[in-house]
K.L.:
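The structure under discussion is supplied below as structure tokens; questions concerning it will follow.
Heavy-atom basis, side chains included; hydrogens, waters and symmetry copies ignored.
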Amino acid sequence: MTGNILLNGKKKRLEYGAVAYVTQEDVMLGTLTVRETLTFSAHLRLPTTLSKEEVKDIVEGTIMEMGLQDCGDTVIGNWHRRGISGGEKKRLSIALEILTMPKMLFLDEPTSGLDSASAFFVVQSLRNIARDGRTVVSSIHQPSSEVFALFDDLFLLSGGETVYFGEAKMAVQFFAEAGFPCPSRRNPSDHFLRCINSDFDAITATLKGSQRLRDKPTSSDPFMEMATAQIKSALVEKYRDSKYAKMARARSQEISKIEGLEVETKSGSQATWWKQLTTLTKRSFVNMCRDVGYYWARIVIYILVSICVGTVFYDVGYGNTAILARVACGAFITGFMTFMSIGGFPSFIEELKVFNKERLNGYYGVAAYTLSNFLSAFPFLVTISLITGTITFYLVKFRSGFSHYAFFCLNIFFSIAVIESLMMVVASMVPNYLMGIVTGAGIIGILMMTSGFFRLLPDLPKIFWRYPISYISFSSWALQGAYKNDFIGLEFDPLLPGDRKLTGDEIITKYFGVTVDRSKWWDLTAVVVILICYRLIFFIILKMKEKASPFLQEIYAKKTLEHLDKRPSFRKVPSLASSKRHQPLHSLSSQEGLNSPLH
């Protein structure tokens, strides 16, 4: 991809803030209302020096401008809650981008998937924005005649070549002068596409074989006999030397010569980093509170599973059989119960989509997003850890004492936080939630195998599994800490009556291969270090994807062009005359006693 970008005749980069882009997909947090969405976005990007009242006035003005007054306090909607309509959602997407008054606004098919009335109101809103002194550039998907009439200028492209560029109202005249007049009762945009879109060749061939056209001696369409490639070639040649092309070039040169038209560059966000962090944390926390699937469903499941674990291992005691029971219970809590944290992966994927879209327009940085996600999730993780820890600790009756209870809860907290951080890393590389859950579950399963429960750590194969997998596995450190927290200082009955009692130190050292020469708090510290590493990896991946994105897009574009060059439709005019699928169709009366006309 090569070329120059000129803004008012001057070479410029498309900086954040000066240019905004509305994607075809409306990506927003469905748990927020329209007004909340705009308010959070305003706080993220508008100058921190503005007062709350000034920000509120800007938000309300934008709501009025986009005609969203009736749905201002309605939630956008998600998988479990009905929200605003498709047209309102599209207008909200546009409203988010015009909050900062960008000089240029690009839109990717803003009317796709909308009915004719919704599409009209969306484009009418864009027209109002353009009348306010901003440049709006939009690709459009099969506009109705009413929608087409709203556009000032039209740029028709086919196969990378300019078919027409100029005033939209003059396009019909150009096509008529080129010998392809628009029929009086046909939508101009449909007529233009019919002339330059090669997909219509197949439609034309099918229509030729229909009984309705076969019975007519002549076609009412003056160029029914011409292939699209011929029509397009004629139009391109005609436009190249037309008065419309000369007018467009003259206007461009005229604008570039005007002094004082420098486009001021400004950053995408004028808010401070601290303001962005607090706003993102608050928004994410509100989303987590309202999204049932993010944490609330998991909290209920954790309570139920904790009660089940507590009752199965109730008052486990100090008998010889209690040794294996305590080990199994500790392994289940630090391994399988924390494994349930992957349940919030789909909700996080939706939040990550919002980040990708907002980062595209320079709302905030990667660091602010990474940290805000952990801060907003912190209260929920503490709640899960305290509920799970309290129920299981006192029902199972692990070693008593507040310090042991505190360690037990902290061990659960950091283990769950590590799982969530690992799933964030997976989400950054595998954005599809089904594949992400499978990938994350596979990675966690591998880490759990080296925890020391299924096979003792000293017995693991030294190459790969012992070094380094068991050392980077959070579950091996968490389980070692759980063993030390529960066993050290206790005594258990021997296997045979009359033998001396077994000490906890002896059990975890001889029978479970856990060394006691380091404190359980060092094991917990190792889990914290793994947590920090996963967060840093997540941050680095997001930054690297951002840096590598233009390079990858360039490679993809080249591959696409190579693929298109090999397609027959790009090399020669397609012929459907010999196709078995496009034989002339016959009336039903003529088919009596005959086989199918397709044979």
Side-chain angles (χ1 to χ4, degrees), residues 19-30 34 37-38 41 62 65-68 71 74-79 82-98 102 104-130 134-160 163-165 168 171 186-200 202-203 349-350 352-354 356-361 431-432 553 556-557 560 564:
V19 176
Y21 173 55
V22 179
T23 58
Q24 185 174 344
E25 185 181 2
D26 301 314
V27 182
M28 288 166 281
L29 294 176
V34 170
T37 301
L38 287 168
S41 183
T62 305
E65 185 177 1
M66 297 305 298
L68 296 169
C71 59
T74 306
V75 294
I76 294 169
N78 57 10
W79 62 275
R82 184 181 175 86
I84 59 179
S85 67
E88 290 167 338
K89 194 175 291 185
K90 180 60 69 177
R91 279 182 278 156
L92 176 58
S93 294
I94 299 169
L96 287 168
E97 301 309 325
I98 65 173
M104 295 185 68
L105 180 64
F106 289 93
L107 302 100
D108 181 15
E109 296 191 6
T111 60
S112 293
L114 303 180
D115 58 68
S116 56
S118 298
F120 177 82
F121 286 121
V122 167
V123 179
Q124 179 67 47
S125 301
L126 294 175
R127 184 182 176 89
N128 294 336
I129 294 171
R134 283 165 282 184
T135 302
V136 178
V137 181
S138 170
S139 59
I140 195 74
H141 177 71
Q142 201 171 2
S144 64
S145 54
E146 292 82 4
V147 168
F148 180 76
L150 294 174
F151 283 90
D152 299 310
D153 299 294
L154 174 66
F155 188 19
L156 279 175
L157 280 169
S158 180
V163 178
Y164 175 80
F165 176 56
R186 182 179 291 180
N187 182 352
S189 62
D190 291 340
H191 176 70
F192 301 153
L193 289 176
R194 163 65 185 85
C195 293
I196 66 175
N197 190 341
S198 59
D199 293 339
F200 281 93
I203 297 174
I349 282 286
E350 294 303 314
L352 191 61
K353 288 180 182 177
V354 175
N356 290 328
K357 178 240 182 183
E358 292 179 338
R359 183 62 191 148
L360 191 69
N361 282 324
N432 178 273
Q553 287 177 358
Y556 179 74
T560 303
L564 291 177

K.L.:
Looking at every heavy atom in both Ala119 and Leu114, which two are closest together, and how far apart are they?
P.N.:
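Where Ala119 meets Leu114 most closely, the heavy atoms are N-CB, 4.1 Å.
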K.L.:
Any side-chain to backbone donor/acceptor pair from Ser189 onto Pro143? Under 3.5 Å, distance only.
P.N.:
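Between the backbone of Pro143 and the side chain of Ser189 there is a qualifying donor-acceptor contact (under 3.5 Å).
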K.L.:
How many angstroms lie between CG in Leu96 and OG1 in Thr62, if you round to the nearest 0.5 Å?
P.N.:
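Answer for the CG-OG1 pair, Leu96 versus Thr62, is 9.0 Å.
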K.L.:
Just wondering, do Ile84 and Leu68 contact through their side chains at under 4.5 Å, heavy atoms?
P.N.:
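In short, these two side chains do not touch, never coming nearer than 4.5 Å.
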K.L.:
Side chains of Asn361 and Val22, heavy atoms from C-beta outward: is any pair under 4.5 Å?
P.N.:
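SC-SC contact between Asn361 and Val22 ruled out.
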K.L.:
Heavy atoms only: give me the nearest Leu156-Ile196 pair and the separation to one decimal.
P.N.:
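Minimum heavy-atom separation between Leu156 and Ile196: CD2-CD1, 3.9 Å.
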K.L.:
Quick check: closest heavy atoms across Tyr21 and Asp108, and the distance to 0.1 Å?
P.N.:
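The answer is OH-CB, 3.6 Å.
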K.L.:
Checking side-chain contact (heavy atoms from CB on, under 4.5 Å) for the pair Arg134/Leu105: CA distance, chi angles, key distance, verdict?
P.N.:
CA-CA 8 Å; Arg134 283 165 282 184; Leu105 180 64; over 6 Å; no
K.L.:
Could you give the distance from CG (Leu150) to CD (Gln124), rounded to the nearest 0.5 Å?
P.N.:
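It is 5.5 Å, given to the nearest 0.5 Å.
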K.L.:
Apply the test side-chain contact (heavy atoms from CB on, under 4.5 Å) to residues Asp152 and Arg127: give CA-CA distance (whole Å), side-chain angles for both, the deciding distance (0.1 Å), then the verdict.
P.N.:
CA-CA 9 Å; Asp152 299 310; Arg127 184 182 176 89; 4.1 Å; yes
K.L.:
Between Ala20 and Pro102, what is the shortest heavy-atom contact and its length?
P.N.:
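Shortest heavy-atom separation between Ala20 and Pro102 comes out as CB-CG, 3.8 Å.
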K.L.:
Please round to the nearest 0.5 Å and tell me the distance separating atom CD of Glu109 and atom OG1 of Thr111.
P.N.:
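Rounded to the nearest 0.5 Å, the CD-OG1 separation comes out at 7.0 Å.
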K.L.:
Let me confirm one number: the CD-CD distance from Glu358 to Glu97, rounded to the nearest 0.5 Å.
P.N.:
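Taking CD in Glu358 and CD in Glu97, the distance rounds to 8.5 Å.
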K.L.:
Give me each pair satisfying salt bridge (Lys or Arg N to Asp or Glu O under 4.0 Å) with a member in residues 82-94, each pair once, sequence neighbours excluded.
P.N.:
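Qualifying pairs: Asp26-Lys90.
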K.L.:
Under a 4.5 Å cut-off applied to non-hydrogen side-chain atoms, are Val34 and Met66 in contact?
P.N.:
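Result no, sub-4.5 Å side-chain heavy-atom pair not found.
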K.L.:
Could you give me the CA-CA distance, side-chain angles and deciding distance for Glu65 and Ile129, then say whether side-chain contact (heavy atoms from CB on, under 4.5 Å) is met?
P.N.:
CA-CA 8 Å; Glu65 185 177 1; Ile129 294 171; 3.9 Å; yes
K.L.:
Quick one, Leu157 and Val163 - any side-chain contact, counting heavy atoms below 4.5 Å?
P.N.:
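Sidechains of Val163 and Leu157: no contact.
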K.L.:
State whether the number of non-hydrogen atoms from other residues, nucleotides or ligands found under 6.0 Å of Phe121 atom CZ is greater than 12.
P.N.:
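Atom CZ in Phe121 is not packed in, count stays at 12 or less.
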K.L.:
Identify the two heavy atoms, one from Gly87 and one from Val122, that lie closest to each other, and give their separation to 0.1 Å.
P.N.:
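Closest approach of Gly87 to Val122: O-CG2, 3.9 Å.
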K.L.:
Do Phe151 and Val123 come within less than 4.5 Å of each other through their side chains, counting heavy atoms only?
P.N.:
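In short, these two side chains touch, coming nearer than 4.5 Å.
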K.L.:
Within this structure, what is the OG-CD distance for the pair Ser112 and Glu25, rounded to the nearest 0.5 Å?
P.N.:
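It is 12.0 Å, given to the nearest 0.5 Å.
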K.L.:
side-chain contact (heavy atoms from CB on, under 4.5 Å), that's the test. Do Val27 and Asn356 meet it? Break it down for me.
P.N.:
CA-CA 9 Å; Val27 182; Asn356 290 328; over 6 Å; no
K.L.:
Within the distance-only criterion (no hydrogens, no angle test), does the side chain of Ser144 pair as donor or acceptor with the backbone N or O of Ser116 below 3.5 angstrom?
P.N.:
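No: the side chain of Ser144 does not pair with the backbone of Ser116.
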K.L.:
For residues Phe192 and Leu154, determine if any side-chain heavy atom of one lies less than 4.5 Å from a side-chain heavy atom of the other.
P.N.:
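Touching, per the 4.5 Å side-chain cut-off.
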K.L.:
If you take all heavy atoms of Leu126 and Pro110, which pair is closest and at what distance?
P.N.:
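Closest pair (atom of Leu126, atom of Pro110, distance): CD1-CG, 4.1 Å.
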